[in-house]
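Okay, so here's the structure we're looking at.
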Amino acid sequence: MTNIEELKKELEQVLSPSRFQHSLNVMEKAKELASSYQIDIKTAMLTGLAHDIAKEMNDQELLLFAKNHHLDISQVEKAKPTLLHGKVGAIILKEKYGFTKEMQDAVEFHTTGRKNMTMLDKIIYVADKIEDGRKNIPVELKELATKNIDIVLKYFYTTAIEKAIRKDSVLHPLTIEARNDLLVQQLEKEKE
Ligand SMILES: [Fe+2]
Ligand SMILES: [Fe+2]
C-alpha cells in the first residue's frame, strides 16, 4: 500500500488549493471516525485523502476516461458526468497506488452511496460531508457521526435528494436505493 506523503504530493499537483485542503480535512475526519468504529486507521486516512482525486477532471475528460476503461455509463451519468468522479478516481487509485477493492469502493460510492455500505464506505461518505472546512454543519450532527453513523448517513442522503429536486437536477438512482436500504433496515430492527 502506498504511503500518505507520496499521495499528498500528487494530490497537491492535481487539485486546487481549496480542494487539496478539503482532502486533508476529509483524511483527518476519516481518521477520527475510523478510531470510533475500530477500522484500520491508515486505510481510512488514505481513502479519505484520495477520494476526490478525479474531481477536477472536466466532463469531457471523465467521459473519455470512462469510455477508454470500458465503464458502464448510465443515462444519468452521461447527463451529469461529475457523478463519475468517484468511479474514475477509484480506477486511477487502483492503477497508480494499488488501492484495494474495499478502498476503491469507498471512493467510488462517496458520490452516490449504495445499498449495503461497508463501514469504510460510510466513513468516507460522512467524512466528506462533515469535515472541518464545511460550513453550517450542526455540531450535534458531527457528534452523532461518532456514535450512530447511519443516522448521519440518512440525513445526507435525504439532503442530496432534496437538493436535486430543488435544483431540478438529475438524481442518481443509487442514492435513493441507499436511503431506502437504511430505512428498511431500521424498520426491520423495530420489528425485532
Ligand atoms: Fe467528491
Ligand atoms: Fe469531497
Side-chain angles (χ1 to χ4, degrees), residues 4 7-8 10-34 43-63 65-66 69 71 73-74 76-97 99 102-114 117-137 141-142 145 149 152-153 155-164 167 169-179:
I4 289 174
L7 195 52
K8 267 190 201 167
E10 151 124 24
L11 288 166
E12 204 169 10
Q13 281 166 10
V14 298
L15 300 177
S16 66
S18 63
R19 178 111 35 219
F20 180 61
Q21 186 57 52
H22 163 69
S23 303
L24 296 175
N25 294 349
V26 174
M27 177 181 79
E28 288 306 323
K29 188 53 80 177
K31 180 183 177 187
E32 186 188 323
L33 294 174
T43 301
M45 287 177 76
L46 278 169
T47 310
L49 176 65
H51 77 287
D52 269 341
I53 194 168
K55 178 76 179 179
E56 286 176 20
M57 289 168 69
N58 65 34
D59 288 357
Q60 264 176 329
E61 287 167 338
L62 286 167
L63 289 170
F65 184 100
H69 285 76
L71 299 183
I73 308 171
S74 71
V76 170
E77 288 161 348
K78 203 179 266 178
K80 200 177 172 194
T82 181
L83 286 169
L84 287 167
H85 79 266
K87 219 185 249 187
V88 168
I91 293 174
I92 295 172
L93 291 162
K94 179 187 172 201
E95 289 179 349
K96 282 184 95 168
Y97 294 100
F99 268 36
E102 185 201 11
M103 294 161 87
Q104 282 191 74
D105 283 348
V107 170
E108 172 165 353
F109 297 106
H110 89 270
T111 47
T112 56
R114 62 164 165 170
M117 295 273 273
T118 64
M119 186 48 79
L120 184 64
D121 292 351
K122 291 178 185 183
I123 284 174
I124 301 305
Y125 191 100
V126 168
D128 186 29
K129 299 285 195 276
I130 66 167
E131 56 94 346
D132 287 346
R134 296 274 195 202
K135 292 193 182 77
N136 306 321
I137 304 295
L141 208 59
K142 290 191 182 189
I149 201 164
V152 179
L153 199 55
Y155 170 87
F156 284 111
Y157 289 154
T158 302
T159 309
I161 292 167
E162 286 172 344
K163 192 174 154 201
K167 291 173 79 181
S169 162
V170 292
L171 177 53
H172 203 292
L174 279 181
T175 308
I176 300 175
E177 265 184 43
R179 182 173 178 276

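One-based numbering, in listed order, for ligands and for the atoms of each.
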Please name all residues satisfying salt bridge (Lys or Arg N to Asp or Glu O under 4.0 Å) with E131, sequence neighbours left out, ordered by chain then number. none

Side chain E61, main chain N58, donor-acceptor under 3.5 Å: yes

K142: salt bridge (Lys or Arg N to Asp or Glu O under 4.0 Å) partners, not counting sequence neighbours: D132

Between D121 and T118 (side chain of the first, backbone of the second, donor and acceptor by atom type, cut-off under 3.5 Å), is there such a pair? yes

Applying side chain to side chain contact (heavy atoms under 4.5 Å, CB included) to A50 and not counting sequence neighbours gives L7, L93, F99

Surrounding CD of E95 (heavy atoms of other residues, nucleotides or ligands, distance under 6.0 Å), is the total greater than 12? yes

Could you please tell me which protein N, O or S atoms lie under 2.8 Å from the Fe ion (ligand 1)? D52 OD1, H85 NE2, H110 NE2

